[in-house]
Peer 1: 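Please see the structure below; I have some questions.
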Amino acid sequence: MTKKDSHPSFDFIRNIIAEDLSINKNEGRVVTRFPPEPNGYLHIGHAKSICLNFGIAEENNGVCHLRFDDTNPSKEDIEYIESIKADVKWLGFDWGKHLYYASDYFDQLYEYAVQLIKKGKAYVCSLSPEKIKEYRGTLTEPGKDSPYRSRPVEENLDLFERMRAGEFEDGSHILRAKIDMASPNLNMRDPAIYRIRRMSHHRTGDKWCVYPMYDFTHCLSDSIEGVTHSICTLEFQDHRPLYDWVLDQLNVKCHPQQIEFARLNLSYTLMSKRKLAKLVGSGAVLGWDDPRMPTICGLRRRGYTPNAIRDFCERIGVAKRDSTVDVALLEHCVRQDLNKHAPRIMGVLRPLRVVIENYPEDQVESLEAINNPEDPGMGSRKVPFSRVLYIEQEDFREDPPKKYFRLAPGREVRLRYAYYIKCVDMVKDEQTGEIIELRCTYDPETRGGGSPDKRKVKATLHWVSAAHSLRAEVRLYDHLFLKANPDELKNDDNFKANLNPNSLETLTSCRVEPSLANASPGSLYQFERQGYFCVDTQDSSDKLLVFNRTVTLRDTWAKIQKAMKNKPR
RNA sequence: UGGGGUGUCGUCAAGUGGCAAGACACGGGUUUUUGGAGCCCGCAUUCGGAGGUUCGAAUCCUCCCACCCCAGCCA
């Protein structure tokens with residue numbers, strides 16, 4: 001395959017669907033669904049599933065439903081429903097009129113359960129939870145039949161009705177499918193399908209005190225909605241026989257096909273809702289939308305774009321093998337998007353004062369700067385230049401190492417869009433010896449950054465005019481964890497030991513060019529030579545601009561330094 | 001020592017009996033008023049291992065090994 005005609009090859013799920021279409025299965029319809037439980041925030045792993053399900057529907061003129069799998073009122077909340085809808089929308093997907101809730105099917109589901117009982121395929125079991133567990137057997141030993149397994153149909157019907165009526169305490173009875181207590185697949189050992197939970201539901205209120213279990217609900221919800229391909233993650237493979245069993249017993253007209261794929265893992269972070277909740281709960285991060293979190297809201301606040309995330313989800317592919325994608329790929333995707341779309345500005349993170357000795361005290365020039373060299377259509381802006389400037393501390397070395405191209409005593413560099421300057425002296429703090437100011441001269445002939453004599457300089461620095469610049473706070477983020485696999489030490493809570501203590505660095509005396517005065521929350525910029533930053537949506541205000549660093553620019557100099565460190569000389 | 005899955009470059013991932021795509025990462029070069037971006041080049045004689053079938057095997061067969069998931073009245 002040549003580079004030109006290369007295209008992402010179909011994944012195994014798309015292959016299955018293409019095959020189904022070719023034999024006119026489901027009369028050519030493709031209906032998928034994204035079925036979150038509203039018990040937490042969506043993360044990038046969910047984005048993979050969203051892109052897959054909505055993507056497949058789009059590609060095949062089908063539809064993708066958004067269905068909340070809200071069968072467990074003890075864990076769910078309306079708050080999550082709103083955040084999930086917002087995140088799916090933000091990613092750029094549209095479920096149209098296909099917004100559903102499993103709880104809307106509770107009446108039908110109840111009727112289906114009654115049918116199952118009537119067919120002798122379900123029974124009310126009155127064993128205690130402990131006993132049920134004991135009767136289930138183990139991985140290597142078969143289970144034992146519950147003594148209630150042979151309860152007459154009439155009695156089951158009566159009991160189930162009374163469960164529904166609220167006559168029994170939680171846990172005293174349960175409705176079970178009658179399948180096979182000796183099955184090597186534990187899911188088939190008479191799984192629970194309805195439990196008593198005397199608790200009000202965020203959508204159905206107090207109408208019910210029995211709630212259906214996932215295995216019973218999910219397949220029937222898919223069937224009710226006419227889903228053709230029910231795509232889920234690998235851990236449900238063992239549930240597929242049960243998914244099919246329920247639909248077969250009930251003789252439904254629509255029997256969707258369950259297909260499983262591997263969930264996403266990303267290096268240097270975690271994807272488990274439970275563990276993410278612990279990070280939030282323990283204060284390791286500031287919230288679900290902390291820019292270090294792999295949640296959709298965290299990534300959004302960090303400055304990631306829907307395009308970047310969708311591109312990422314396309315590139316990682318879909319397969320059945322457990323894998324961990326390098327977070328560098330995600331970073332690559334956002335850089336690529338932002339390179340094309342983010343306006344450039346100059347901002348100095350760690351200011352070093354520079355006085356241009358031969359520049360007139362009261363003069364201010366307005367210099368033209370290009371907004372995005374990748375896109376001339378984005379135009380240009382004016383940046384003020386004056387006698388006193390700030391440059392980046394990193395951009396000056398009193399004693400420059402080999403391959404260091406930036407400013408040093410006696411050295412000449414270019415100030416972007418401005419002039420060539422040469423360092424003639426430096427001022428040190430008498431106590432600490434720290435360099436607190438540079439004295440430079442400029443060459444008036446080099447206005448705009450080019451010299452008539454074509455002489456070269458090896459570096460171009462970003463800068464701001466001290467008097468005109470705005471103070472800003474900038475938050476620098478790094479990987480949340482030190483280890484590519486934070487779960488390395490399996491013993492559960494120890495993932496916290498791998499937290500990166502420096503995942504957040506807050507800089508409070510940054511200076512940015514005045515054009516940012518009215519930057520709106522959420523807007524994205526490239527700080528030239530630094531990286532991509534976005535105006536924080538929570539903390540930025542008229543009084544103080546606050547920026548989050550989305551991702552750094554690729555940094556060749558950092559690599560050179562690292563290489564020199566690793567093998568000196 | 002039950003059942004269900006999976007093993008192709010550092011990381012993802014195509015490949016379905018005809019002689020190992022692509023991406024990220026990495027290394028080098030070119031270009032450059034961002035050490036950015038772009039462009040070019042390099043990067044698996046070999047597909048978990050061992051046998052076998054075949055003119056020919058990552059693809060078929062046999063055995064073995066490793067890893068993941070399952071014993072919630074969670075999803």
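Throughout, a chain's letter reflects where its sequence line sits, starting with A, and its residues are numbered from 1.
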Peer 1: Just name whichever nucleotide pairs with B:G17, Watson-Crick or G-U, keeping both distances under 3.5 Å, else none.
Peer 2: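 None - no nucleotide pairs with B:G17, as no candidate has both distances under 3.5 Å.
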Peer 1: So, under a plain 3.5 Å distance rule, would you say the side chain of A:Arg315 forms a donor-acceptor pair with the base of B:G22?
Peer 2: no
Peer 1: Is A:Thr138 touching bases, backbone alone, or none of the nucleic acid, heavy atoms closer than 4.0 Å?
Peer 2: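 Base contact.
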Peer 1: Should A:Arg136 be listed as having a side-chain N or O under 4.0 Å from OP1 or OP2 of B:G72?
Peer 2: yes
Peer 1: Which nucleotide, in any strand shown, forms a Watson-Crick or G-U wobble pair with B:A37, with both distances under 3.5 Å?
Peer 2: none
Peer 1: Can you measure A:Trp245 atom CH2 to B:G3 atom C1' for me and round it to whole angstrom units?
Peer 2: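 In whole Å, B:G3 C1' and A:Trp245 CH2 are 19 Å from each other.
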Peer 1: Looking at every strand, decide which applies to A:Arg189 at a 4.0 Å heavy-atom threshold: base, sugar-phosphate, or nothing.
Peer 2: nothing
Peer 1: Whether A:Arg203 engages the ring of A:Tyr101 as a cation-pi pair (distance to the six-membered ring centre under 6.0 angstrom, angle to the ring normal within 45°) should be assessed.
Peer 2: yes
Peer 1: Applying a 4.0 Å non-hydrogen cut-off, can you work out what A:Thr233 is touching in the nucleic acid: base, sugar-phosphate, or nothing?
Peer 2: nothing
Peer 1: Map A:Asp326 and A:Gln526 onto RNA chain B by nearest heavy atom, then report which one ends up closer to the 5' terminus.
Peer 2: A:Asp326
Peer 1: Remember a base hit wins even if backbone is also touched, and classify A:Val457 as base, sugar-phosphate or nothing at under 4.0 Å, heavy atoms.
Peer 2: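 Counting heavy atoms under 4.0 Å across all strands, no contact is made by A:Val457.
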Peer 1: Name the closest nucleotide to the A:Glu528 side chain, picking from B:G3, B:G5, B:U34.
Peer 2: B:U34
Peer 1: Taking only residues two or more places apart in sequence or in another chain, which ones pass side chain to side chain contact (heavy atoms under 4.5 Å, CB included) with A:Ala262?
Peer 2: A:Leu234
Peer 1: So what does A:Thr217 hit on the nucleic acid, given a heavy-atom distance under 4.0 Å: a base, only sugar-phosphate, or nothing?
Peer 2: nothing
Peer 1: How would you label the contact of A:Arg554 with the nucleic acid (heavy atoms, under 4.0 Å): base, sugar-phosphate, or nothing?
Peer 2: sugar-phosphate
Peer 1: We want to know whether A:Asp337 and A:Tyr304 form a side-chain donor-acceptor pair, criterion being a heavy-atom distance below 3.5 angstrom.
Peer 2: no
Peer 1: What is the separation between atom CD on A:Glu331 and atom P on B:A25, rounded to the nearest whole Å?
Peer 2: 9 Å
Peer 1: Does one side chain, of A:Asp87 or A:Tyr41, offer a donor that lies under 3.5 Å from an acceptor on the other?
Peer 2: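 The criterion, which ignores hydrogens and geometry beyond distance, is not satisfied for A:Tyr41 and A:Asp87.
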Peer 1: Pick base, sugar-phosphate or nothing for A:Arg321, based on heavy-atom distances below 4.0 Å to the nucleic acid.
Peer 2: base
Peer 1: Pairing check on B:U45: which nucleotide meets the Watson-Crick or G-U wobble criteria with it, both distances under 3.5 Å?
Peer 2: none
Peer 1: Taking only side-chain nitrogens and oxygens of A:His462, does any of them come within less than 4.0 Å of OP1 or OP2 of B:U34?
Peer 2: no
Peer 1: Assign each of A:Asn339 and A:Asn187 to its nearest nucleotide of RNA chain B by heavy atoms, then name whichever residue's nucleotide is nearer the 5' end.
Peer 2: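 Nearest-nucleotide comparison on RNA chain B picks A:Asn339.
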Peer 1: Which residues satisfy the salt bridge (charged side-chain N to carboxylate O under 4.0 Å, His left out) test with A:Arg263, sequence neighbours excluded?
Peer 2: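 Partners of A:Arg263 by the salt bridge (charged side-chain N to carboxylate O under 4.0 Å, His left out) criterion, ordered by chain and then number, come out as A:Glu235.
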Peer 1: Using whole Å, report how far CZ of A:Arg176 lies from P of B:C73.
Peer 2: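 Taking CZ of A:Arg176 and P of B:C73, I get 8 Å after rounding.
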Peer 1: Taking the six-membered ring where the residue is Trp, are the ring centres of A:Tyr211 and A:Phe106 under 6.0 Å apart?
Peer 2: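 A:Tyr211 vs A:Phe106: aromatic centres under 6.0 Å.
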Peer 1: If you look at every strand shown and take non-hydrogen atoms under 4.0 Å, does A:Ile196 touch a base, only sugar-phosphate, or nothing?
Peer 2: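 Nothing: the residue A:Ile196, judged by heavy atoms under 4.0 Å, touches no strand.
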Peer 1: Taking 5.5 Å and 30° as the limits, would you call A:Trp557 and the base of B:G35 a stacked pair?
Peer 2: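 By the stated criterion, A:Trp557 and B:G35 stack.
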Peer 1: Given the rule in the ring pair (Phe, Tyr, Trp, His ring centres under 6.0 Å) test, do A:Phe533 and A:Phe527 qualify, once you have shown the distances and angles that lead to the verdict?
Peer 2: CA-CA 7 Å; A:Phe533 295 76; A:Phe527 284 24; 4.1 Å; yes
Peer 1: Have a look at A:Phe12 and say if it touches a base, only the backbone sugar-phosphate, or nothing, with a 4.0 Å heavy-atom cut-off.
Peer 2: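 Since no nucleic acid heavy atom lies under 4.0 Å of A:Phe12, the category is nothing.
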Peer 1: Nearest to the side chain of A:Leu329, which nucleotide is it out of B:C24, B:C26, B:G35?
Peer 2: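 For A:Leu329, the side-chain atoms sit closest to B:C24.
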Peer 1: Just N and O in the side chain of A:Arg414: are any of them under 4.0 Å from OP1 or OP2 of B:U34?
Peer 2: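 So the side-chain polar atoms of A:Arg414 never come under 4.0 Å of the phosphate oxygens OP1 or OP2 of B:U34.
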Peer 1: By nearest atom, which of the nucleotides B:U34, B:G35, B:G5 is closest to the A:Gln237 side chain?
Peer 2: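 Nucleotide nearest to A:Gln237's side chain: B:G5.
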Peer 1: Would you say a side-chain N or O of A:Thr71 is under 4.0 Å from OP1 or OP2 of B:A75?
Peer 2: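 Answer is yes, contact under 4.0 Å.
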Peer 1: Between B:A25, B:G5, B:G35, spot the one nearest the side chain of A:His332, thanks.
Peer 2: B:A25
Peer 1: Applying a 4.0 Å non-hydrogen cut-off, can you work out what A:Pro373 is touching in the nucleic acid: base, sugar-phosphate, or nothing?
Peer 2: base
Peer 1: Check this one for me: any side-chain N or O of A:Arg263 less than 4.0 Å away from OP1 or OP2 of B:A75?
Peer 2: no
Peer 1: Select base, sugar-phosphate, or nothing to describe what A:His239 touches, counting heavy atoms under 4.0 Å on all strands.
Peer 2: base
Peer 1: Please determine, for B:A50, whether a Watson-Crick or G-U wobble partner exists with both distances under 3.5 Å, and give it or none.
Peer 2: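 B:A50 is paired, partner B:U62.
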Peer 1: What nucleotide among B:U6, B:U1, B:C74 has an atom nearest to a side-chain atom of A:Lys75?
Peer 2: B:C74
Peer 1: What integer distance in Å separates A:Met199:CE from B:C74:P?
Peer 2: 11 Å
Peer 1: Taking CG from A:Asn265 and C1' from B:C67, how many angstroms apart are they, rounded to a whole number?
Peer 2: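 It is 13 Å, rounded to the nearest whole Å.
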Peer 1: Taking syn as within 90° of 0 and anti otherwise, name the glycosidic form of B:G72.
Peer 2: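 Base orientation relative to the sugar is syn.
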Peer 1: Centroid-to-centroid, A:Phe216 to A:Tyr112, below 6.0 Å?
Peer 2: no
Peer 1: Would you mind classifying the nucleic acid contact of A:Ile132 as base, sugar-phosphate or nothing, using non-hydrogen atoms under 4.0 angstrom?
Peer 2: base
Peer 1: For the rings on A:Tyr417 and A:Phe385, is their centre-to-centre separation under 6.0 Å?
Peer 2: no
Peer 1: Provide, to the nearest angstrom, the distance between the CG atom belonging to A:Asp322 and the P atom belonging to B:A66.
Peer 2: 17 Å
Peer 1: Base, sugar-phosphate alone, or nothing: which one does A:Lys133 contact when heavy atoms must sit under 4.0 Å apart?
Peer 2: sugar-phosphate
Peer 1: For the side chain of A:Ser323, starting at C-beta, report the closest nucleotide among B:C12, B:U6, B:C69.
Peer 2: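 Of B:C12, B:U6, B:C69, B:C12 is nearest to the side chain of A:Ser323.
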Peer 1: Looking at B:G36, I'd like to know if its phosphate oxygens (OP1 or OP2) sit under 4.0 Å from a side-chain N or O belonging to A:Thr556.
Peer 2: yes
Peer 1: So what does A:Tyr417 touch, heavy atoms closer than 4.0 Å: a base, only the sugar-phosphate, or nothing?
Peer 2: base
Peer 1: What is the distance, to the nearest angstrom, from the CG atom on A:Leu234 to the P atom on B:G7?
Peer 2: 10 Å
Peer 1: Look at A:Arg529 and B:A37 and indicate whether a side-chain polar atom (N or O) is within less than 4.0 Å of OP1 or OP2.
Peer 2: no
Peer 1: How many Å lie between CZ on A:Arg197 and C1' on B:C74, as a whole number?
Peer 2: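 Going from A:Arg197 (CZ) to B:C74 (C1'), I get 8 Å.
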Peer 1: Tell which nucleotide pairs with B:A25, taking only Watson-Crick or G-U wobble pairs whose two distances are both under 3.5 angstrom.
Peer 2: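 Result: none.
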Peer 1: Who does B:U32 pair with, Watson-Crick or G-U, both distances under 3.5 Å?
Peer 2: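 None - no nucleotide pairs with B:U32, as no candidate has both distances under 3.5 Å.
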